Colleague: 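Starting off with a structure, shown below.
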Amino acid sequence: MRWSQFYLFTTREVPRDAEVISHQLMVRSGMLKKLAAGIYTMMPMGQRSMAKLEAIVRRELDRSGALEVTMPTIQPAELWQESDRWSVYGKELLRIQDRHGRDFCYAPTAEEVITDAVRHDIRSYKQLPVSLYQIQTKFRDEIRPRFGLMRGREFLMKDAYSFHADADSLDQTYRAMHDAYCAILEACGLEYKVVDADTGNIGGKDSNEFMVLAETGESEIVSCECGYAANTEKAVTGELPSAPPLAAEEVAIEKVETPDLKAVPEVADFLDIEPSQMLKLMIYTSETEEPVAVAVRGDREINEIKLARLLGVDHPVLADDALVERVTGAPTGFAGPVGLSGVRFLVDRSAAALMSFACGANEVDAHFRFARWGRDADPGEVVDVLLADAGDPCPECDGTLQKTRGIETGHIFKLGTKYSENMSCNFLDAEGNDQPMIMGCYGLGIGRTVAAAIEQNHDDSGIVWPGPLAPFSVLLISLNPQDEEVVAATDELYGQLRNTGLEVLYDDRAERAGVKFNDADLIGIPVRVVVGKRGLKEGKIELSRRIDREKHLVDRADVVEKVVELSS
RNA sequence: CGGGGCGUAGCUCAGCCUGGUAGAGCGCACGGUUCGGGACCGUGAGGCCGGAGGUUCAAAUCCUCUCGCCCCGACCA
């Protein structure tokens, strides 16, 4: 492709609304254009990279045994009412009406539609399992779209769904999808981790996320050398090293005046103890639940996602001051387990392990110290609602957890029968019994993965494409487009390179060398071939790879062979 | 939705406080000199100053309302 015939306009300035590097570089390199918040046009350059990834995804999914379909993006409300998600999904679901006033939504995902299709076709266990996938536009009316393709509202996603007669079959397909996702990310040359994940509102039990590691990632991951890795939303830890008890067993509980001291660090400082020797008590509530009291060790945080799962609610929220006062009898900041009653009481393992601790006295400006479970306070229900942190013990070995950040490019779930039951997607088993199919679902963000690839592969000058995602594999530059000899030589080379099957972008523009070099660095094509008057005089052509930018002067006769070598 | 910020040329921004005929750089067009790491000189096109209302002799500038966009939080491929 000749640049002069292509549609590619780079910019020097960073667009004001682009915050993260992948977004900035995609806009500057002419890949992406914003239309509205979280809604983008893929320009030809971007489209090519997306297509590269799509091809890899198709190859690996086909290999896993899944079959490609295309489902509508506009879906009737009835199906969503049947699965119960019409009411559950909330504002993220873009709801629309047709001219007759019938309700539809723009698909954020396609469990309903695929389940509807399968339930009409499949009757028998002999027809199972099946895996179907599509690469299709989705729309989620995110509360806050941001970071370009990393969190758009409209986005391209590969979504796959599998249907099974039994759990073993689901396990097999889940494993195959897991392996396909690994193969895809490896084929793209990305550094990633597979982590245990929370299932969110898609539902189901087992779940893994595929995190491309990047500092700008929105997800926090803890991991251990032994291979354990989890989203911090989900992560469990080994037993924490215990904090030294405040006092020996015979020391009685004692009330201390703590005027205006509310936060744990302040109180700990005042009492001259460590925050880990205190107990932190928070009051949570939600739309559906009665208030609950949740205790965690003073130096730690509560994982609200774990809490939500435990309570079976969507969003636990911290109680406001009035509710705290009603539950504990004291203003916010002085809650404690001693004398607490009339409320469900959850105690995180970290707090349950405390031998003798300080805590709020449920009384304004007062805390207790030397409190003990059993003797002074009801031990409550011991649970795990701890937010894992770096340095915590690994739950699976003697190691220590590390914390990193990642971009969630893929997420796979074992759904179970949640949708098949609601939507009567049944089959007859070998005994002739009607049973709901067991399902899995598997998502991979196409645009997000391309953006993640840039986050992981760039330098100060621009993108450094991993070969498989590069929009072109070779950039051929003629440095002196006004010089007939140079043009003739470059034209000839262009033909030869194309004959090898390489995708060549030929910069034939009447621009100065500096402009071309800077654009080359910006758009990040892996191999650069420079034809200039100077080199040509010696019969040489300059080759370099974007990744190291080391220049090699090569005899004209050897160029094609050498380019093929560098491109592989 | 809560908190913060921004809308002026295709892009990045100045001008607004203290009202008086709309600016710069980049980009674009034309001419010339240049030409292996974002050249230089000259000429030129390009604006309903986000929109509506108000105050005023006069509004980009002051006031009210509105729409859009960005950042921080809850959400997620």
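So you know, we letter chains A, B, ... as the sequences are listed, proteins then strands, and number each from 1. What you see is a predicted model; the values in this text were computed from it and never measured.
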Colleague: Say you pick atom P in B:C49 and the same atom in B:A60; how far apart are they, in whole Å?
Modeller: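 B:C49 and B:A60 have their P atoms separated by 7 Å.
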
Colleague: Centres of the A:His411 and A:Tyr442 rings: under 6.0 Å?
Modeller: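 Between A:Tyr442 and A:His411, which both carry aromatic rings, the centre distance is not below 6.0 Å.
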
Colleague: Hey, does the side chain of A:Arg144 come within less than 4.0 Å of B:C71's phosphate (OP1/OP2), counting only N and O?
Modeller: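 A:Arg144 to B:C71 OP1/OP2: side-chain N or O found under 4.0 Å.
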
Colleague: Considering only the P atoms, how many Å lie between B:C75 and B:C69, rounded to the nearest integer?
Modeller: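 Straight-line distance between the two P atoms is 23 Å.
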
Colleague: Would you please say whether a donor-acceptor pair under 3.5 Å links the side chains of A:Tyr106 and A:Arg140?
Modeller: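 Not at all, the side chains of A:Tyr106 and A:Arg140 share no donor-acceptor pair under 3.5 Å.
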
Colleague: Check whether any side-chain N or O of A:Arg151 sits under 4.0 Å from OP1 or OP2 of B:C75, and answer yes or no.
Modeller: no

Colleague: Treating A:Ser49 as the side-chain partner and A:Leu469 as the backbone partner, does any N or O pair qualify as donor plus acceptor under 3.5 Å?
Modeller: yes

Colleague: Which listed nucleotide (B:G38, B:C69, B:C76) is nearest to the side chain of A:Ser219?
Modeller: B:C76

Colleague: Could you tell me which nucleotide pairs with B:C17 by Watson-Crick or G-U wobble geometry, both distances under 3.5 Å, or answer none if nothing does?
Modeller: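 For B:C17, the partner nucleotide comes out as none, under the 3.5 Å rule.
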
Colleague: Treating A:His23 as the side-chain partner and A:Val20 as the backbone partner, does any N or O pair qualify as donor plus acceptor under 3.5 Å?
Modeller: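 Here the side-chain-to-backbone pair does not exist.
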
Colleague: Send over the distance from A:Ile143 CD1 to B:C76 P, rounded to a whole Å.
Modeller: 9 Å

Colleague: Contact class for A:Gly152 (heavy atom, under 4.0 Å): base, sugar-phosphate, or nothing?
Modeller: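 Here A:Gly152 touches the bases of the nucleic acid.
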
Colleague: Starting at CD of A:Glu209 and ending at P of B:A77, how long is that distance when rounded to a whole Å?
Modeller: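 Distance check: A:Glu209 CD to B:A77 P gives 7 Å.
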
Colleague: Between C1' on B:G36 and CD1 on A:Ile477, what's the gap in Å once rounded to a whole number?
Modeller: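 Whole-Å distance recorded here is 10 Å.
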
Colleague: Strictly below 4.0 Å: does A:Arg16 bring a side-chain N or O up to OP1 or OP2 of B:C70?
Modeller: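 Result: no.
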
Colleague: I need the NZ-P distance between A:Lys138 and B:C76, as an integer number of Å.
Modeller: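 From A:Lys138 NZ to B:C76 P: 17 Å.
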
Colleague: Counting Watson-Crick and G-U wobble pairs only, both distances under 3.5 Å, name the nucleotide matched with B:U34, or none.
Modeller: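 Answer to the pairing question: none, since B:U34 forms no Watson-Crick or G-U pair.
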
Colleague: Do A:Ser22 and A:Glu455 meet the criterion of a side-chain donor-acceptor pair at a distance under 3.5 Å?
Modeller: yes

Colleague: Suppose you measure atom P in B:G27 against the same atom in B:C11; what distance do you get, rounded to whole Å?
Modeller: 15 Å

Colleague: With both distances under 3.5 Å as the test, what is the Watson-Crick or G-U wobble partner of B:C6?
Modeller: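 B:G68 - that is the nucleotide pairing with B:C6, both distances being under 3.5 Å.
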
Colleague: Map A:Leu522 and A:Gly38 onto RNA chain B by nearest heavy atom, then report which one ends up closer to the 5' terminus.
Modeller: A:Leu522

Colleague: Just wondering, do A:Phe155 and B:A77 stack (centres under 5.5 Å, planes under 30°)?
Modeller: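 Per 5.5 Å and 30° rule: yes, stacked.
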
Colleague: Using the C1' atom in both, what is the distance from B:U43 to B:G50, to the nearest Å?
Modeller: 33 Å

Colleague: Can you check the distance between B:G20 and B:G73, where both ends of the measurement are the C1' atom (answer in whole Å)?
Modeller: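 Straight-line distance between the two C1' atoms is 46 Å.
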
Colleague: Tell me yes or no: between the side chains of A:Ser461 and A:Arg549, is some donor less than 3.5 Å from an acceptor?
Modeller: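 Checked: A:Ser461/A:Arg549 side chains pair up, N/O donor to acceptor below 3.5 Å.
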
Colleague: Of A:Pro15 and A:Gly410, whose closest RNA chain B nucleotide lies nearer the 5' terminus?
Modeller: A:Pro15

Colleague: Of the nucleotides B:C76, B:C71, B:C35, which one has an atom closest to the side chain of A:Glu19?
Modeller: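 When the side chain of A:Glu19 is considered, B:C71 is the closest of B:C76, B:C71, B:C35.
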
Colleague: Given the P atoms of B:G51 and B:U61, what is the spacing between them in whole Å?
Modeller: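 Going atom to atom, P in each nucleotide, I get 10 Å.
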
Colleague: May I ask you to verify whether the side chain of A:Arg528 and the base of B:G37 hold a donor-acceptor pair under 3.5 Å?
Modeller: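 In this structure, the two groups form a donor-acceptor pair.
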
Colleague: Measuring from the side chain of A:Arg448 (C-beta onward, heavy atoms only), which nucleotide among B:G37, B:U34, B:A77 has the closest atom?
Modeller: B:A77

Colleague: With both distances under 3.5 Å as the test, what is the Watson-Crick or G-U wobble partner of B:A77?
Modeller: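 Base partner found: none.
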
Colleague: Is it the case that A:Asp321 and A:Thr332 place a side-chain donor and acceptor less than 3.5 Å from each other?
Modeller: yes

Colleague: Under a plain distance cut-off of 3.5 Å, with no hydrogens placed, do A:Ser478 and A:Asp508 share a side-chain donor-acceptor pair?
Modeller: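 Looking only at side-chain atoms, A:Ser478 and A:Asp508 do not form any donor-acceptor pair under 3.5 Å.
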
Colleague: Mind calculating the distance between CZ (A:Phe147) and P (B:C71) to the nearest angstrom?
Modeller: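 It is 6 Å, rounded to the nearest whole Å.
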
Colleague: Can you tell me how far C1' in B:C67 sits from the matching atom in B:U55, rounded to whole Å?
Modeller: 23 Å

Colleague: Could you please name the option among B:C69, B:A39, B:G36 that lies closest to any side-chain atom of A:Asn480?
Modeller: B:G36

Colleague: Which base sits across from B:G46 as a Watson-Crick or G-U pair, both distances under 3.5 Å?
Modeller: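 Pairing partner, where one exists within any strand: none, as none qualifies.
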
Colleague: From B:G37, B:G36, B:C75, pick the nucleotide closest to the side chain of A:Asn518?
Modeller: B:G37

Colleague: Just how far, in rounded Å, is P of B:G73 from CD of A:Glu304?
Modeller: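 So the CD-P distance, A:Glu304 to B:G73, works out to 14 Å.
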
Colleague: Whether A:Arg146 contacts B:G73 is assessed here as follows: a side-chain N or O lying under 4.0 Å from the phosphate OP1 or OP2. Is that the case?
Modeller: yes

Colleague: NA contact type, A:Arg28, heavy-atom cut-off 4.0 Å: base, sugar-phosphate, or nothing?
Modeller: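 Touches a base.
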
Colleague: Any side-chain N or O of A:Lys516 under 4.0 Å from OP1/OP2 of B:C35?
Modeller: no

Colleague: I'd like to know if A:Glu13 reaches the base of B:G10 with its side chain such that a donor and an acceptor end up less than 3.5 angstrom apart.
Modeller: no

Colleague: Taking a pair as Watson-Crick or G-U wobble with both distances under 3.5 Å, which nucleotide is matched to B:G53?
Modeller: B:C63

Colleague: With side-chain contact (heavy atoms from CB on, under 4.5 Å) as the test, pick out the partner of A:Ile407 among A:Gln456, A:Arg448, A:Glu218.
Modeller: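 Passing option: A:Arg448.
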
Colleague: According to the Watson-Crick and G-U wobble definitions, with both distances under 3.5 Å, which nucleotide is paired to B:C11?
Modeller: B:G25

Colleague: Pick base, sugar-phosphate or nothing for A:Gly535, based on heavy-atom distances below 4.0 Å to the nucleic acid.
Modeller: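 Base contact - A:Gly535 has a heavy atom under 4.0 Å of at least one base atom.
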
Colleague: Can you measure A:Lys33 atom NZ to B:C11 atom P for me and round it to whole angstrom units?
Modeller: 9 Å

Colleague: Given atom CD of A:Glu142 and atom P of B:C70, what is their separation to the nearest angstrom?
Modeller: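 These atoms are roughly 13 Å apart.
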
Colleague: Please measure how far the C1' atom in B:G53 lies from the corresponding atom in B:U21, and state the result in whole Å.
Modeller: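 It comes out at 24 Å once rounded to the nearest Å.
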
Colleague: Among B:C35, B:G27, B:G36, which is the nearest nucleotide to the side chain of A:Arg12?
Modeller: B:G27

Colleague: Classify A:Lys34 by what it touches in the nucleic acid, base, sugar-phosphate, or nothing, heavy-atom distance under 4.0 Å.
Modeller: sugar-phosphate

Colleague: With the side chain of A:Ala36 defined as its heavy atoms from C-beta on, choose the nearest nucleotide among B:G37, B:G38, B:C69.
Modeller: B:C69

Colleague: Let's see if you can work this out: which of B:C76, B:C69, B:C75 has an atom nearest to the side-chain heavy atoms of A:Ala37?
Modeller: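 Output: B:C69.
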
